[in-house]
Amino acid sequence: MNPLQKIGAFTAALAAAFGTAYGVGTAFGPLDQETTAAGHTESHSTESAKKPPAGDLLPAGLQVSQDGYSLDLETTAVPAGKRSTLRFVVRDADGDPVTRYRTAHGKQLHLILASRELTTYRHLHPVRAADGTWSIPVDLPAAGGYRVFADFAPAGEGEGLTLGSDLTVTGSYRASEPPAPAATTTVDGYTVALKGTLTAGGESDLAFTVRRDGRPVTDLEPYLGAYGHLVALRSGDLAYLHVHPHEEAEGDATSGPEVSFAATAPSTGTYRLFLDFKVDGTVRTAAFTVRTGVQAAPETDSGTHEEETSHGH
C-alpha cells in the first residue's frame with residue numbers, strides 16, 4: 001500500500017474509531033487569526049538573531065510533510081491501557097525511508113506523544129531498524145485523540161524538522177482537562193517553580209527552580225546534553241515549540257537548582273509546558289499550564305499542584 005492509500009485508509013479508520021470507541025466533542029474553539037509564528041527553537045545563541053521574525057514561519061508539528069520529508073505512521077491506532085508497539089517511517093521526497101540522520105541532543109530522533117487535551121505526555125527515543133522503520137513500546141492510559149511528533153534532522157540537511165501526525169487510542173473515552181495556570185507543580189516529591197512570562201511572537205526567558213523538602217536541588221544531572229529539556233504545546237491545535245536551556249551540560253558535572261530557557265510562543269493563547277529533569281538517574285516531568293502575557297503567580301503553598309504526568313524513555 002503506497003502512502004496515499006495509507007492516508008485514505010487511516011482517515012476512514014479514524015472516523016470509525018471516533019464514532020464507535022469514544023466520542024470526542026468540539027473541545028477546542030477556532031484558532032487565533034494571528035497563528036503564523038515559528039515553532040522550533042534550539043539552544044539559545046546569537047544565531048537566533050539571524051532567523052526570520054516569528055510571524056514569518058509556520059508553527060512546527062502541524063504538518064505531516066515538510067521540505068520533502070513525510071511522517072508515515074504504520075501504527076495508526078493502539079488500545080488504551082495496554083502495551084503496544086508504535087511503528088513509523090520518515091520518508092523522503094521519493095517516498096523512500098530515510099536511514100541517515102544527524103545526532104541532535106544525543107539522539108537521532110526525539111518522539112513526543114501528547115493527548116489532544118494535553119493531560120498525557122510522553123518523550124520517547126525509538127529504535128531504528130536497518131530498513132528505516134522506527135519502533136517503540138507505548139502504554140497510553142486514556143482513550144482519545146493523540147498527536148505524534150517526530151523531531152529529527154536528516155543527514156545533509158542544515159535544519160531539523162518537527163513533523164506531526166494523529167494517533168487514535170481506542171477504549172472508553174472520558175473527557176479531561178489540564179490544570180489551571182499555576183507557578184508551582186510537584187512530581188515525585190520534587191517541587192518545581194516557574195518564573196517568567198511567555199510572550200507571543202517574542203523571545204521570553206523562563207526559569208524553573210527545583211526543590212525537594214523545601215531545599216534547593218543542586219545535583220541536576222545532564223540530560224540530552226543539558227540540565228533540562230522543555231517542550232511547549234499550544235492548546236487547541238497542539239502547535240509545537242521545542243526549546244533548550246541557556247546552559248549546556250559539561251561532562252558529568254551536576255547543576256541546579258535553576259534551569260532557564262529562551263522560548264518564543266507562535267501566538268497568543270494557552271500552552272502546556274513539559275519540563276524534563278534528571279536526578280539520581282531518573283528523568284521526571286514537571287508540567288505547567290501558562291497563558292501568554294500573564295506572569296506566573298507567585299510561589300505559595302496553595303499554588304502547589306500535584307500531577308501525575310506520564311513520562312517514558
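Please read all numbers here as calculations on a predicted model, not as lab measurements. In what follows, residues are counted from 1 in the order of the sequence shown.
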Verify whether one side chain among Ser176 and Glu117 offers a donor that lies under 3.5 Å from an acceptor in the other. yes
Side chains of Leu161 and Asp67, heavy atoms from C-beta outward: is any pair under 4.5 Å? yes
Just to verify, what does Arg147 make a salt bridge (Lys or Arg N to Asp or Glu O under 4.0 Å) with, not counting sequence neighbours? Asp166
For Thr292 and Ala200, indicate whether the former's side chain and the latter's backbone hold a donor-acceptor pair under 3.5 Å. no
Taking the inter-plane angle between the rings of His229 and His110 on a 0 to 90° scale, is it parallel (under 30°), tilted (30 to 60°) or perpendicular (over 60°)? parallel
Answer yes or no: is there a side-chain heavy-atom contact under 4.5 Å between Val138 and Arg83? no
State the OG1-CG distance between Thr120 and Leu113, to the nearest 0.5 angstrom. 10.0 Å
Verdict with reasoning, Thr289 to Arg272, per side-chain hydrogen bond (donor to acceptor under 3.5 Å, both in side chains): CA-CA 5 Å; Thr289 303; Arg272 285 280 278 169; 3.0 Å; yes
Spell out, as yes or no, whether a donor-acceptor pair under 3.5 Å connects the side chain of Glu221 to the backbone of Asp280. yes
Going by the rule side chain to side chain donor-acceptor pair (under 3.5 Å), which residues pair with Thr209 if we only count those two or more places apart in sequence or in a different chain? none
Taking the side chain as everything from C-beta on, heavy atoms only, tell me whether Pro266 gets closer than 4.5 Å to Tyr271. yes
Could you go through Gln108 and Arg102, starting from their C-alpha distance and side-chain angles, then the distance that decides it, and tell me whether this counts as side-chain hydrogen bond (donor to acceptor under 3.5 Å, both in side chains)? CA-CA 6 Å; Gln108 290 189 351; Arg102 288 193 290 111; over 6 Å; no
So, does Ser204 use its side chain to make a donor-acceptor pair with the main chain of Thr199 at under 3.5 Å? yes
Can you check whether Asp96's main-chain N or O pairs, donor with acceptor, with Asp94's side chain at less than 3.5 Å? no
Please find the pair of heavy atoms, one from Thr75 and one from Thr85, that lie closest to each other, and give the distance. OG1-O, 3.4 Å
Nearest heavy-atom pair of Gly164 and Leu71: which atoms, and what distance? C-CD2, 4.0 Å
Quick one: does Leu198's side chain get under 4.5 Å of Gln295's, heavy atoms only? no
Would you say the side-chain atoms of Thr162 pair up with the backbone N or O of Asp151, donor to acceptor, closer than 3.5 Å? no
Within a reach of under 6.0 Å around CZ of Arg291, are more than 12 heavy atoms found that belong to other residues, nucleotides or ligands? no
Is there side-chain contact between Leu109 and His125, with heavy atoms separated by less than 4.5 Å? no
For the backbone of Val217 and the side chain of Arg212, can you confirm whether one donor and one acceptor N or O come within less than 3.5 Å of each other? no
Within a strict 4.5 Å, meaning less than it, do heavy atoms of the Leu167 and Thr76 side chains meet? no
Can you confirm whether Leu238 sits close enough to Phe149 that some side-chain heavy atom of one is under 4.5 Å from a side-chain heavy atom of the other? yes
Kindly compute the distance separating CZ (Arg128) from OG (Ser135), expressed to the nearest 0.5 Å. 11.5 Å
For His123, run the side chain to side chain contact (heavy atoms under 4.5 Å, CB included) check against Leu111, Val283, Asp276, Thr285 and tell me which one passes. Asp276
What's the spacing between Ser165 OG and Gln63 CD if we round to 0.5 Å? 12.5 Å
Is a side-chain donor or acceptor of Ser115 paired with a backbone partner of Leu118 at a separation under 3.5 angstrom? yes
Quick one about Thr270 and Arg234 (side-chain donor to acceptor, distance below 3.5 Å, no hydrogens or angles considered), yes or no? no
Nearest heavy-atom pair of Leu163 and Val64: which atoms, and what distance? CD1-O, 3.7 Å
Of the non-hydrogen atoms in Thr99 and Ala130, which two are nearest, and what is the gap between them? CG2-O, 3.8 Å
Hey, is Asp72 close enough to Arg91 for a salt bridge, meaning N to O under 4.0 Å? yes
Closest heavy-atom pair, Pro126 versus Phe88, reported as atoms and distance to 0.1 Å, is CG-CZ, 3.9 Å
Less than 6.0 Å separating the ring centroids of Tyr101 and Trp134? yes
Decide if atom CG of Asp131 counts as having more than 12 heavy atoms of other residues, nucleotides or ligands within a radius under 6.0 Å. yes
Can we call the ring centroids of Phe288 and Phe208 under 6.0 Å apart? yes
Would you say the side chain of Ser255 lies within less than 4.5 Å of the side chain of Glu247, judging by non-hydrogen atoms? yes
List the atom of Phe274, the atom of Leu233, and the distance in Å for their closest heavy-atom pair. CE1-CD1, 4.2 Å
Parallel, tilted or perpendicular: rings of Tyr190 and Phe277 (30°, 60°): perpendicular
